[in-house]
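Worksheet for the structure shown next.
Computed from a predicted structure; not experimentally measured.
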Amino acid sequence: MSDETDLRDDERRALFWEAAGNAFRPYAGWCFYGFGALLVVLGYFGVSGESIVAKQLPYLVSGGLGGVLLAVLGAYVLGIDALRRDSGRLDRMERQIEELHRALLERIDAPAVTDGGSAPDAATGSNGRPAGATVVLVEAGESFHRPSCALVDGKPGTSLPAVDAAGRGLRPCPVCEPAVPVP
């Protein structure tokens, strides 16, 4: 029981520090950037007040180089934060596109596809559809389609068994995914 409680406490602490880091990171970046700019400005005023080059060097090193270093560090932290936010948005967008793709290509009359791990038999193709089905070829096309495919809708074509289409060296349509005959 105490192991579960410790685990939950550790998870809570980890989530807290992750959230705190995500909230603190942009402020830290802007602070580094601001202090760097301030050091560059102070270094400039220090150099401009000295006419002897030997007395200008400490201002250049501390103000100029230190300020540039802090400004670059701030820009780096801000850039990393922006990349992390964009990465999260891209991941969410990719999941939504996959869901939309599955929903658009799902057919009501298609048999259910199971992930049972069993290999397709000779009567079905790799996608669970019958391998002996009739497919459509469009004139001068390089692929064969199911008769209900949106890419061949309204175009003149010829119907033939999927085995004959595969024998001609044509590839299956990537949109409608007709059954590929098993030799």
Working to the nearest 0.5 angstrom, can you tell me the gap between [X] [atom1] and [Y] [atom2]?
{"X": "Arg89", "Y": "Arg85", "atom1": "CZ", "atom2": "CZ", "result": "6.0 Å"}
{"X": "Leu69", "Y": "Phe35", "atom1": "CG", "atom2": "CZ", "result": "14.5 Å"}
{"X": "Leu104", "Y": "Ile97", "atom1": "CG", "atom2": "CD1", "result": "11.5 Å"}

Nearest non-hydrogen partners of [X] and [Y], listed with the distance:
{"X": "His145", "Y": "Val152", "value": "CD2-CG1, 3.3 Å"}
{"X": "Leu151", "Y": "Cys173", "value": "CD1-SG, 3.7 Å"}
{"X": "Ser159", "Y": "Val136", "value": "OG-CG2, 4.1 Å"}
{"X": "Thr134", "Y": "Pro147", "value": "O-CD, 3.5 Å"}
{"X": "Ala75", "Y": "Tyr33", "value": "N-CD1, 4.2 Å"}
{"X": "Val135", "Y": "Pro178", "value": "CG1-CB, 4.2 Å"}

Going only through I, L, V, M, F, W and Y residues with side-chain contacts under 4.5 Å, is there a path from Leu65 to Val68? no
Starting from Leu160, can I reach Leu170 by hopping between I/L/V/M/F/W/Y residues whose side chains sit under 4.5 Å apart?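 Result: yes, single cluster for both.
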Tell me if a side-chain donor or acceptor on Arg25 pairs with a main-chain N or O of Asp81 at a distance below 3.5 Å.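 Here the side-chain-to-backbone pair does not exist.
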